[in-house]
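Throughout, numbering of the chain's residues begins at 1 and tracks the sequence. We use all heavy atoms of the structure for the numbers below, so side chains are in, but hydrogens, waters and symmetry mates are not.
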Amino acid sequence: MPGGRLTQQDRRQIALGLADSLPYAEIARRLDRPTSTITREVMRNGGPAAYRADLAHRATERRANRRRPASSRGPDPVPQPHGRDAEAVAEYEETFTTVLMASGLTKMTARVLTCLFTTDAGSLTASQLARHLQVSPASISKAIAFLESQSLVRRERDERRRDRYVVDDELFYQATIASARSNDLLVETARQGVAVLGPHTPAADRLENIARFLDFISESITRAAEQAREVLHTRPGRTSNDTARPGPDHG
């Protein structure tokens, strides 16, 4: 990574960039760092509204001090399949988690979803998730309940009758559709307000415009998701002509 670890001066530049409402990518460009480094740094230290350079620097030093004794006594990293670098994988998981948190997920739900996305099997049991993330089964259960409610994971029983939590290509499509339809109640409520507040009044016009805007957004997202659905079933490397063909048989 260019420049090595973030310095205290780097963190002050990040704080100044946030104060100027600069996007993470621009702050990263000025510091010659990956955007993911800036995103992770800000999100793990209070977010853009609460980020403080000196506090962030001290927090990083404390984390480093806590890790040193553990690293000297702890076991070697778990071997990775396909010759992957265990440290690089762990770093990537942290980056992915941070990006998911920036999109609105809590830290635990983001960690669980990252874990599922980055496993080759695409599914794990609660005990496997708890062991990998080193958290309690109760924490996993709470995170899974939220992810299921958002159609981001589904559960199925394996041959040992254990619940397995699954992410697959079709779930991402379903989650997109569910997100688009989540606006329906707000659209309906806004239009109820038009009748209550009186047509053609400023407040009613505002609510009607909100309803029309959300209607348009939802329809556009749904239409685009339907058109792009086959992309989720197309293996990378195929030609654009192959993309239009039906997806592979998953049966």
Side-chain angles (χ1 to χ4, degrees), residues 36-52 55-82 84-172 174-176 178-179 182:
S36 60
T37 297
I38 306 304
T39 304
R40 184 169 61 250
E41 166 69 16
V42 174
M43 295 305 299
R44 78 192 310 185
N45 290 291
Y51 184 84
R52 299 292 182 273
L55 293 178
H57 195 70
R58 287 199 293 270
T60 301
E61 289 179 335
R62 286 196 300 271
R63 285 193 293 267
N65 289 334
R66 284 199 301 268
R67 282 197 296 264
R68 283 191 196 111
S71 62
S72 62
R73 297 192 306 267
D76 293 333
V78 177
Q80 291 285 323
H82 308 293
R84 293 168 180 150
D85 183 321
E87 291 186 4
V89 171
E91 178 74 12
Y92 175 72
E93 288 179 348
E94 186 176 353
T95 297
F96 201 165
T97 296
T98 303
V99 171
L100 290 175
M101 289 169 61
S103 73
L105 293 182
T106 65
K107 184 173 184 178
M108 183 52 60
T109 54
R111 293 184 71 199
V112 168
L113 194 56
T114 293
C115 197
L116 288 168
F117 273 143
T118 55
T119 185
D120 287 315
S123 69
L124 293 167
T125 65
S127 62
Q128 288 172 327
L129 284 164
R131 184 164 59 250
H132 181 80
L133 298 176
Q134 298 184 343
V135 297
S136 69
S139 297
I140 298 297
S141 178
K142 184 176 179 180
I144 287 292
F146 175 80
L147 292 170
E148 282 186 303
S149 74
Q150 301 300 305
S151 301
L152 290 170
V153 302
R154 62 179 171 85
R155 72 175 70 202
E156 61 183 30
R157 288 289 181 92
D158 63 16
E159 66 280 358
R160 297 171 58 184
R161 299 194 62 76
R162 299 175 303 179
D163 281 339
R164 296 190 70 86
Y165 304 109
V166 182
V167 292
D168 60 22
D169 297 331
E170 192 65 14
L171 272 176
F172 210 81
Q174 292 170 5
T176 301
S179 175
S182 66

Expected output: side-chain [X] to main-chain [Y] donor-acceptor under 3.5 Å:
X: Thr118; Y: Thr114; value: yes
X: Arg111; Y: Leu133; value: yes
X: Thr97; Y: Glu93; value: yes
X: Ser182; Y: Ser179; value: yes

Measure the shortest side-chain to side-chain distance between [X] and [Y] over non-hydrogen atoms and say whether it is less than 4.5 angstrom.
X: Gln128; Y: Arg164; result: yes
X: Arg58; Y: Arg52; result: no
X: Arg154; Y: Gln174; result: no
X: Arg157; Y: Asp163; result: yes

[atom2] on [Y] to [atom1] on [X], rounded to 0.5 Å:
X: Leu152; Y: Leu116; atom1: CG; atom2: CG; result: 10.5 Å
X: Leu100; Y: Leu105; atom1: CG; atom2: CG; result: 5.5 Å
X: Cys115; Y: Arg131; atom1: SG; atom2: CZ; result: 10.5 Å
X: Met108; Y: Met101; atom1: CE; atom2: CE; result: 10.5 Å

> Does anything in residues 131-160 pair up under ring-ring contact (aromatic ring centres under 6.0 Å, His included), and if so which pairs, sequence neighbours excluded?
Replying inline: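 Pairs touching residues 131-160 that pass the test: none.
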
For residues [X] and [Y], report the shortest heavy-atom separation together with the two atoms involved.
X: Val166; Y: Ser123; answer: CG2-CB, 3.7 Å
X: Asn45; Y: Ala59; answer: OD1-CB, 3.9 Å
X: Ser151; Y: Ala175; answer: O-CB, 3.6 Å
X: Pro48; Y: Val42; answer: N-CG1, 3.4 Å

> Could you give all pairs that pass the salt bridge (Lys or Arg N to Asp or Glu O under 4.0 Å) test and reach residues 137-153, with sequence neighbours left out?
Replying inline: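 Sorted result for residues 137-153: Glu148-Arg155.
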
> How would you list all residue pairs meeting salt bridge (Lys or Arg N to Asp or Glu O under 4.0 Å) that involve residues 115-130, not counting sequence neighbours?
Replying inline: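 Sorted result for residues 115-130: Arg84-Asp120.
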
